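Per chain, numbering begins at 1; letters A, B, ... match sequence-line order. Please read these numbers as outputs of a predicted model, since none were measured by experiment.
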Amino acid sequence: MKQKIEGLIIQAVEKLMAEGVLNLDTTPAIMIERTRDAQHGDFASNLALVLAKPAKLNPRQLAEKIIAALPINDAITKIELAGPGFINFFVNPNMQYAVIKQIHELGHSFGLSTIGKGKKIQVEFVSANPTGPLHVGHGRGAAYGSAVSDLLEAVGFEVHREYYVNDAGRQMDILATSIWLRYLEVCGEHVTFPSNAYRGDYARTIASDIYNNDKDNYRRTIELVLEDIPADEPDGGDKDEHIDALIARMKTLLGPVLYREFFQIGLATILEDIKLDLIEFGVDYQQWFSERQLMDDSSVENALERLRIGGYLYEQEGATWFSSSQLGDEKDRVVIRENGQYTYFASDIAYHMNKLDRGFDQIIDIWGADHHGYVPRVKAAIKALGADESKLNVLLVQFAVLYRGEERVQMSTRSGEFVTLRQLRSEVGKDAARFFYLMRRSEQHMDFDLKLATSKSNDNPVFYVQYAHARVCSVLRQLDEKGWGKNLLLGLENLEKLTEEHESSLLATLARYPEVLERSALQYEPHQLVIYLRDLAHDFHTYYNAHQFLVDDEVLRNARLSLICAVKQVLANGLGLLSINAPESM
RNA sequence: GCGCCCAUAGCUCAGCUGGAUAGAGUAAUCGGCUACGAACCGAUCGGUCGGGAGUUCAAAUCUCUCUGGGCGCACCA
């Protein structure tokens, strides 16, 4: 309908151009939008206001000319000139009924589109270090990333969801050592736990499991472990030197093979936990991409070689630098440290080269907002690798600030003081948690009050939407109990019976769904869909309270049933895209 | 100090690529079940869109500036 009116306007403009009334080289893209107020018709165009200046006419005069030039079309019952020069279109109510038939025809695929043309998009999100369970901060990225991915798929892109596993580097060594020290405790050694180690309970759990399976296999006496180890911070030393020395000691005492084994057990356990957690949260990946693999198959080496050939690398003070500053970054970055180790950035360059080489049309990285300073250097790397930087789109998700009532909850993986995503799910449920995360714009700082989310969970807006769906189901159950049965065909043939105001506004809302989906996907804004679903649920609840569906008049009854079944379908489609349940009853 | 993000009703947030009278939820007050589920609906109350200047026929939306918050400025990941 929207496109139809747009077509009419374009015809009118072309006509005026041919007549010499208008003289333009380009026609503006924005032409028509849905009105907010029913008094302004169904659609409105600001064309005359935009073109007034180049046409050297006053807006209302121009609007009159445009209206006069508009072709006659029976889909439009009235065209009005309003306000400073708006052109308002009133759509033939009979046209509005078409959406119901369309919804029943297409079912769960109503709203889907092919605008993505099968283009391949890679979406990388969450990618939290596997040094502990996911916390509620990761939850927002997980909900957002999966929703964006699913939406893109719904509008015709081929989406590849990926989690980058940082299974190399010092943090992982610290984790292995943390678990090992807990293991030694289980073995009966008296360990003073380092201040810089991972203190969460999960390290103890993993340690106990290892002990149960392998007994004393990895045990070394604490005296051997601590011999000549520099003091920890609480004892007047340096916490980094302390933990690094312990890591080195663990490696020498266990030897490379046992160390590797132990390390792998810790990594695998945590990674499995994360995978399961995410699946239960409605997040599924096509690929878990290992950073270590980039090291092992010399991808990092190759990536740096490519930069070197391009003339982007140089040596200074014993380190190797990437001259990213000439490509938009604020300063150059080290890729190989003085000690010969690659930096994290080096493997990230290799990872992005790998993404580019896999032939994606678009690459989307979803990061926490604390990484925003990292964007220019990755873009610089993309450019240095010879690719177009617009191929990479970095979407930043702001932090969710946690509160328990008035009190702010501190989040730190290291200290082990954090609320896990799993805890959140068990307290408020997957549906409520996802809905809560997704209803806010991702760039918006968000307050997440756990106390409110748990104690008043009935006020959670997700129930409002789910209730609308369950209510339709309930009506259908009542229908069966009355022994009336549903005659959809009869209803669809008599949709003109739907003349109530509530009915026409519901029709208009239903018709908006495909547009909302498209916008929501192309702008990476799932919250638009969430807000739409709330609007749709509201229109339905209002209608429900104002009119009876199960009336004696069989024709009217079935017309209304076909309408509310369409509502049910769209609610289910929308919720489904957000991986939120649409329950039959609640 | 430099850079990025944010600021809309008491609180939590929408406001669609600038558009007509800035909207929801929640809190407060009042009203609606002998009804297809009241986990709902309706009404009232509540706003200098952080302040100021500019661009425009039109600014919450764009530009500049100031204020106030968040985050980032490693040979950490």
**Item:** A:Lys331 or A:His372, whichever maps to the more 5' nucleotide of RNA chain B
**Value:** A:His372
**Item:** 5' priority, RNA chain B, between A:Glu291 and A:Ala470 [closest heavy atom]
**Value:** A:Ala470
**Message:** Suppose we screen for side-chain contact (heavy atoms from CB on, under 4.5 Å). Which residues come up paired with A:Ala303, at least two apart in sequence or across chains?
**Reply:** A:Ile349, A:Ala350, A:Met353
**Message:** Restricting to side-chain contact (heavy atoms from CB on, under 4.5 Å), what partner residues turn up for A:Glu330, sequence neighbours left out?
**Reply:** A:Arg333
Counting side-chain heavy atoms from CB outward, which of [options] is closest to [X]?
X	options	result
A:Trp321	B:rC57, B:rC75, B:rA77	B:rC75
A:Met586	B:rG37, B:rC75, B:rC71	B:rG37
A:Phe463	B:rC36, B:rA39, B:rC73	B:rA39
A:Gln548	B:rG3, B:rC36, B:rC76	B:rC36
A:Gln171	B:rC73, B:rA77, B:rA20	B:rA77
A:Thr35	B:rA39, B:rA20, B:rC71	B:rA20
A:Glu443	B:rU17, B:rC6, B:rC40	B:rC6

Whole-angstrom distance between [N] and [M], as gauged at atom [atom1]:
N	M	atom1	result
B:rU44	B:rU26	C1'	16 Å
B:rG25	B:rU67	C1'	30 Å
B:rU61	B:rG50	C1'	16 Å
B:rU48	B:rC40	C1'	36 Å
B:rU34	B:rC30	C1'	24 Å
B:rA28	B:rG18	P	40 Å
B:rG32	B:rG15	P	36 Å
B:rG31	B:rG70	P	45 Å

**Asked** What are the two closest heavy atoms between A:Arg434 and A:Ala143, and how far apart are they?
**Response** NH2-O, 3.9 Å
Tell which nucleotide pairs with [N], taking only Watson-Crick or G-U wobble pairs whose two distances are both under 3.5 angstrom.
N	answer
B:rA24	B:rU12
B:rC73	B:rG1
B:rA7	B:rU67
B:rG54	B:rC62
B:rA35	none
B:rA43	B:rU29

Sugar-phosphate, base or nothing in reach of [X], heavy atoms under 4.0 Å:
X	value
A:Glu317	base
A:Ala319	base
A:Gln398	sugar-phosphate
A:Ala168	sugar-phosphate
A:His547	base
A:Thr320	nothing
A:His541	sugar-phosphate
A:Ala82	base
A:Phe345	nothing
A:Asn88	base
A:Gln523	sugar-phosphate

**Fill in**
Hits for ring-ring contact (aromatic ring centres under 6.0 Å, His included) against A:Tyr532, two or more places apart or cross-chain, chain-then-number order -> A:Tyr513
**Request:** Applying ring-ring contact (aromatic ring centres under 6.0 Å, His included), name anything that partners A:Tyr351, two or more places apart in sequence or on another chain.
**Result:** A:Tyr164, A:Phe289
Which protein N or O atoms sit under 3.5 Å from an N or O of nucleotides 11-14 of chain B?
residue, atom, partner, partner atom, Å
B:rU12, O2', A:Arg440, NH2, 2.1
B:rC13, OP1, A:His445, O, 3.3
B:rC13, OP1, A:Asp447, N, 2.9
B:rA14, OP1, A:Arg441, N, 2.7
B:rA14, OP2, A:Gln444, NE2, 3.1

**Asked** What class does the angle between the rings of A:Phe549 and A:Tyr543 fall in, given that below 30° is parallel, 30 to 60° is tilted and above 60° is perpendicular?
**Response** tilted
**Request:** Hey, can you tell me if A:Tyr374 and A:His371 have their rings parallel, tilted or perpendicular (30° and 60° cut-offs)?
**Result:** perpendicular
What do you reckon, do [X] and the base of [N] stack, with centroid distance below 5.5 Å and planes below 30°?
X	N	result
A:Tyr544	B:rC36	yes
A:Phe86	B:rA20	yes
A:His538	B:rA24	no

**Request:** Rounded to the nearest angstrom, tell me the gap between atom CG in A:Asn545 and atom P in B:rG31.
**Result:** 18 Å
**Nearest-angstrom distance from the residue atom CH2 of A:Trp367 to P of B:rC4** = 16 Å
**Prompt:** Between the main-chain N or O of A:Glu124 and the side-chain N or O of A:Asp365, is there a donor-acceptor pair closer than 3.5 Å?
**Reply:** no
**Message:** Keeping A:Tyr437 on the side-chain end and A:Val136 on the backbone end, is there a donor-acceptor pair under 3.5 Å?
**Reply:** yes
Between [X] and [N], does any side-chain N or O lie under 4.0 Å from OP1 or OP2?
X	N	result
A:Thr542	B:rG42	yes
A:Arg377	B:rG3	no
A:Gln478	B:rG37	yes

**Under the salt bridge (Lys or Arg N to Asp or Glu O under 4.0 Å) test, residues paired with A:Asp42 that sit two or more places apart** = none
**Prompt:** Do A:His135 and A:His138 have their ring centres less than 6.0 Å from each other?
**Reply:** yes
